[in-house]
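Take a look at the structure below.
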Amino acid sequence: MAKPNPIPDLKQRVKTLEGQVRLLLPLIEEEKAELRQKYEGEHQLRLQQEKSYQDQLGKLRQELEAGREMRLQLEESKEEALRALREELQAKGEELKKTADELQAERQKTAELRSAAEILANLEQKDSQGRTELHRAAERGETLMVQLLLDAGSQVNAEDHYGRTPLWLAAEQGRQDACRALLAAGARPGATIWPHCSSLMHGTSGAAAAPCSTSSLMMKPVDCTALCTPGHSGAAAVAAWRSAGGEG
């Protein structure tokens with residue numbers, strides 16, 4: 001028995017396969033198109049997402065930069081505010097100090113005026129040594145107070161218990177300006193001084209003695225104007241009087 005020829009079968013099978021392939025090709029192409037479309041869609045979506053991410057990242061950078069600039073501006077504003085506050089506080093402090101100084105000056109002026117008023121109210125009141133305010137001011141060399149007292153009517157040639165005038169006390173302490181003010185007001189340069197010079201010189205009390213003048217103290221004509229210079233005082237006059245034998 002002859003074997004069957006397989007060629008026709010193969011050809012038939014090939015034709016069948018070709019038909020099947022032809023039927024599958026459109027499906028394959030359609031699937032390829034779908035895949036391509038899907039890939040392109042995903043690619044576009046990915047690009048959009050990446051662009052959105054980049055946009056968001058850019059916005060974040062801008063916000064960070066704006067925040068940094070705002071922080072710098074806030075710090076600068078804070079420094080300016082602190083600087084202005086310091087300047088204002090310093091100005092207030094200086095103003096308060098000035099006000100305090102003015103108040104202190106007013107208090108001092110008020111105290112001086114009160115003191116001057118009290119002094120002026122008791123121009124001729126004498127202390128235990130018989131001194132007036134003019135005596136004390138002249139001895140201390142308070143020229144302005146001397147002038148104030150003189151203008152108020154204080155007695156320029158008032159004498160204490162020892163016959164010392166304001167001019168003599170000013171001369172004794174070398175108060176030149178006070179001497180000039182007293183002389184200009186009519187003080188007597190050659191006034192009798194220390195009527196009890198014996199008890200003063202020797203430390204005794206109750207012994208009456210003849211008045212001694214500036215000329216008797218110095219053993220030659222001298223007035224108080226000569227004592228109104230540094231190095232020449234009433235004490236020096238007394239020493240000269242003693243050395244010249246005035247104690248005897």
Side chain to side chain contact (heavy atoms under 4.5 Å, CB included) partners of [X], counting only residues at least two apart:
X	result
Glu18	Val14, Arg22
Leu144	none
Gln104	Arg107
Ile28	Leu24, Lys32

What's the spacing between [X] [atom1] and [Y] [atom2] if we round to 0.5 Å?
X	Y	atom1	atom2	result
Gln129	His135	CD	NE2	10.0 Å
Trp168	Glu159	CH2	CD	12.5 Å
Leu169	Asp160	CG	CG	6.0 Å

With a 4.5 Å limit on heavy-atom distance, are the side chains of [X] and [Y] in contact?
X	Y	result
Leu150	Val146	yes
Leu167	Asn157	no
Arg136	Asp127	yes

message = Please enumerate all residues that pass side-chain hydrogen bond (donor to acceptor under 3.5 Å, both in side chains) together with Arg131, with sequence neighbours excluded.
response =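 Residues passing side-chain hydrogen bond (donor to acceptor under 3.5 Å, both in side chains) with Arg131: Glu139.
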
Contacts of type side-chain hydrogen bond (donor to acceptor under 3.5 Å, both in side chains), residue Ser154, not counting sequence neighbours = none

At their closest point, which heavy atom of [X] faces which heavy atom of [Y], and how far apart are they?
X	Y	result
Pro166	Ala138	O-CB, 3.4 Å
Leu182	Val156	O-CG2, 3.7 Å
Ala137	Met145	CB-CG, 3.8 Å

key: CD/Glu42: more than 12 non-hydrogen atoms of other groups inside 6.0 Å   =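 Yes.
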
request  = Give every residue pair that meets the salt bridge (Lys or Arg N to Asp or Glu O under 4.0 Å) criterion with at least one member in residues 85-99, sequence neighbours excluded.
outcome  = Lys97-Asp101

query = Considering the options Glu30, Arg36, Lys38, which one meets the side-chain contact (heavy atoms from CB on, under 4.5 Å) requirement together with Glu34?
reply = Glu30

message = If hydrophobic residues (ILVMFWY) are linked whenever their side-chain heavy atoms come closer than 4.5 Å, directly or via other members, who joins Val21 in its cluster?
response =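 Via sub-4.5 Å side-chain contacts, Val21 links to Leu25.
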
ask   = By the rule that ILVMFWY residues connect when side-chain heavy atoms come within less than 4.5 angstrom, directly or transitively, which residues belong alongside Leu85?
value =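 Members besides Leu85, by chain and number: Leu89.
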
List the atom pairs, donor and acceptor, that lie under 3.5 Å between side-chain atoms in residues 54-80 and the rest of the protein, sequence neighbours left out.
| from | atom 1 | to | atom 2 | distance (Å) |
| --- | --- | --- | --- | --- |
| Asp55 | OD2 | Lys51 | NZ | 3.3 |
| Glu65 | OE2 | Arg68 | NH2 | 2.8 |
| Ser77 | OG | Gln73 | O | 2.8 |

inquiry  = Show, in sequence, the C-alpha distance, side-chain angles and deciding distance for Glu133 and Gln125, and conclude whether the side-chain contact (heavy atoms from CB on, under 4.5 Å) test is met.
reply    = CA-CA 8 Å; Glu133 289 292 343; Gln125 185 175 354; over 6 Å; no

message = Quick test of your reading: applying side chain to side chain donor-acceptor pair (under 3.5 Å), list the pairs with at least one residue in residues 141-150, sequence neighbours left out, ordered by first then second residue.
response = Arg140-Glu142, Gln147-Asp151

